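All chains are named by letter (A, B, ...) in the order of the sequence lines, taking the proteins before the strands, and each is independently numbered beginning at 1. Since the structure is predicted, the reported quantities are computational estimates derived from the model, not experimental observations.
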Amino acid sequence: MSDEAYIAIAWIATFSSVGLYSLWVVLRGRKLSRMVPPDERRWL
Amino acid sequence: MHEALLVMKKDLRLEWRSKVGIGQVLPFSLLVVLLFAFALDPERGVLERVTSGLFWVVVLFSSVLTIERAFSVEANDGIFDALRLSGMAPAAIYAGKVAALTLQLLVVEAVLATAVAVFYDTTWRGPVLSIGVAVIATLGIAGAGAVYGAIAAKLRSGSTLLPLLLLPLLAPVLICATRGFEVALGREAGPGWPWAALLGIFSAVYLTLGALLFRPLLEDA
Amino acid sequence: MTVDNTIPTPTGSATPSGSAASAGGGAGGPMSTSSTATRVLGTISLVGIAALVLFGLVLSPPDAKLGETVRILYMHVPTVSTAYLAFVITAVASVMYLWKRTEFWDLLAASSAEIGVLFFALTILNGMLWGKITWGVFWRWEPRLTTTAVLMLTYIGYLAVRQIPNDTRTRGTVSAVIGIMAIINIPITHKAVDWWRGLHQERTIFGTVNPEMRGLQLFSAYLGLTVFMVLFAWLLIHRFRVAWLTERAADVGVDAAIAERRAERPSGAVTTPAEGGAS
């Protein structure tokens, strides 16, 4: 594999990992928000 | 101080009566010494080169067993509560447990050193450095280990977690102690006392931290 | 059961705290963990990432010594810095938890640690890819990789403790103790590994970073750091809120179970579950 390929993997893996994790967190946030009564969900 | 001694004596007496250290941990450590000889083939001179590292790895494994034992006894018999209610300062209880652990581990190490001398044909040179390194390292292992032992006793499935929690933390101890031994044995050039000094820092830091953190651990039993 | 005066304030919020209800859909309050603060941070992150890709991959030149591999460093340095920041936050929050005993500090510590482990993993990955190009192998026992691997195991242990079902207070106390023990180990482990591997003159990742980075390279490096810090803040806020909601949902579940029991046995004794809630 060429050097460029490794560099590409590094960037793609980093951003996609962070992206997938972010997605998981946000989706869980939405799901939990539905389960919880509104007064518990006040964000500043 | 007096309370710490009380706790230490209690632990040592418990150990003397149950003989877990002698009966289980020591044979285990000797077993590992043998196993590595099987795995690494005595003929090829590998054993000589890995002696220091193997020694300390075995000590670490034995420590996990010893610490687990030292605290599971407490948890099972509700002694945590008794200690807490006794009004003894948590730091004193911690000091006593650390002292008991250190002594037990030093005994294991002494036997191990003999075994290694016999089985791996090691001549223990540089005794001052070796013993210095061993004592300081053991204090560090006991200091950090006592905290994690208390944690393992409080948690469900804590005893499975204990190695995962304790061993990464002790990685610097393993590195420094091994290097110190290598220098003492004459297999590595360079001053050995810097390694002992770093071990000293580790031990000082974790003994202090442990004394401070033992209170919250004890309180929530 | 839950007390109002422990409503969390988001860390690193870019907007001043205003009224309790935020902008956001849903008749009864926000239906997600977003807020004005996270929207601002999120937008900045996305713009920043685009800029980073542009500068890091396209506009900045290859390094004189490192060649194209310097581009991996634009990822590697920010991830490790962010991870360390995350673990410092965990440690501080752990101390605060042991002092104040509020849920806020416990959840902050745990959320930060989880993100920290993620970034540590990415640091190792990037380091390995850099190594593959530079050394031809994915792993060498060079100081930074080795240290990061050990430290990552330490914090994986932290996360493992959070997973075990225990009552909230035990979990919080134990985690806090581990969080504090772990961070103190970072400089000591660094020193030990540096001395140890230094005996063998390994080429370290940082040893070869050209300290005279100039112009676009320096800009890309700092840009990477900034972008990841903003990203971290955004992630931390969301993750904290998820942790918060998880506890609230657990409380709801417990309350519902108690209500059911009471409904079943109107005259008999009510057995309360052993689960402790937020204290």
Side-chain angles (χ1 to χ4, degrees), chain B residues 53 137 140 143-148 150-158 160-180 182-183 188-191 194-195 197-206 208-210 212-221, chain C residues 91 94-95 97-101 106 117 120 141 143 146-200 276 279:
Chain B
V147 177
Y148 283 102
I151 287 179
K154 284 169 75 80
L155 290 177
R156 272 174 232 170
S157 68
T160 332
L161 264 189
L162 181 59
L164 174 60
L165 291 176
L166 183 57
L167 291 178
L169 201 86
L170 294 180
V173 174
L174 177 58
I175 295 174
C176 294
T178 306
R179 294 296 121 220
E182 288 287 277
V183 171
E188 200 172 279
W195 297 111
L198 192 50
L199 278 173
I201 294 177
F202 181 95
S203 302
V205 164
Y206 279 104
T208 317
L209 260 185
L212 289 170
L213 293 174
F214 214 64
R215 173 185 299 273
L217 281 178
L218 211 55
E219 268 169 4
D220 297 344
Chain C
S94 296
V95 172
Y97 175 77
L98 288 179
W99 180 22
K100 298 285 190 186
R101 296 287 183 183
D106 178 42
V117 169
F120 249 4
W141 293 98
T146 310
T147 307
T148 312
V150 165
L151 293 175
M152 183 158 145
L153 282 172
T154 314
Y155 282 99
I156 287 181
Y158 177 98
L159 294 182
V161 166
R162 303 288 313 181
Q163 299 294 334
I164 309 176
N166 273 291
D167 71 274
T168 315
R169 187 159 166 105
T170 305
R171 185 185 67 175
T173 308
V174 167
S175 310
V177 169
I178 297 177
I180 298 171
M181 304 272 281
I183 195 123
I184 304 290
N185 206 35
I186 294 184
I188 301 179
T189 308
H190 263 300
K191 210 68 247 126
V193 175
D194 281 351
W195 281 4
W196 169 46
R197 297 319 293 159
L199 296 172
H200 305 265
S279 47

*Asks:* Does the side chain of C:R101 reach to within under 4.5 Å of the side chain of B:P216, using non-hydrogen atoms?
*Replies:* yes
*Asks:* Let's test your reading of the structure: which of C:V174, C:V193, C:L151 forms the most heavy-atom pairs below 4.5 Å with chain B?
*Replies:* C:V174
*Asks:* What part of C:L153 gets within 4.5 angstrom of chain B, counting heavy atoms only: side chain, backbone, both, or neither?
*Replies:* both
*Asks:* What pairs with C:I183 under side chain to side chain contact (heavy atoms under 4.5 Å, CB included), at least two apart in sequence or on another chain?
*Replies:* C:F87, C:V88, C:A91, C:Y155, C:I186
*Asks:* Quick one: closest heavy-atom pair of C:M181 and B:Y206, and the distance?
*Replies:* O-OH, 2.6 Å
*Asks:* For B:V173, which atoms come within 4.5 Å of any heavy atom of chain C: side chain, backbone, both, or neither?
*Replies:* neither
*Asks:* Below 4.5 Å from any heavy atom of chain C, which atoms of B:L161 appear? Answer side chain, backbone, both or neither.
*Replies:* side chain
*Asks:* Output the distance between atom CD1 (C:I178) and atom CD1 (B:I151), rounded to the nearest 0.5 Å.
*Replies:* 4.5 Å
*Asks:* Looking at residues at least two apart in the chain, or sitting in another chain, which of them share a side chain to side chain donor-acceptor pair (under 3.5 Å) with C:T189?
*Replies:* C:N185
*Asks:* State, yes or no, whether a side-chain contact exists between C:W195 and B:I175 at a heavy-atom distance under 4.5 Å.
*Replies:* no
*Asks:* Give me the contact list for residues 156-165 of chain C versus chain B, heavy atoms only, anything under 4.5 Å, ordered by residue number.
*Replies:* C:G157, C:Y158, C:A160, C:V161, C:I164, C:P165
*Asks:* Roughly how far, to the nearest 0.5 Å, is the OG1 atom of C:T173 from the CZ atom of B:R215?
*Replies:* 13.5 Å
*Asks:* Listing request: all ring-ring contact (aromatic ring centres under 6.0 Å, His included) pairs with a residue in residues 159-182 of chain C, at least two apart in sequence or in separate chains.
*Replies:* none
*Asks:* Which bit of B:L165 is near chain C, if near means a heavy-atom gap under 4.5 Å: side chain, backbone, both or neither?
*Replies:* side chain
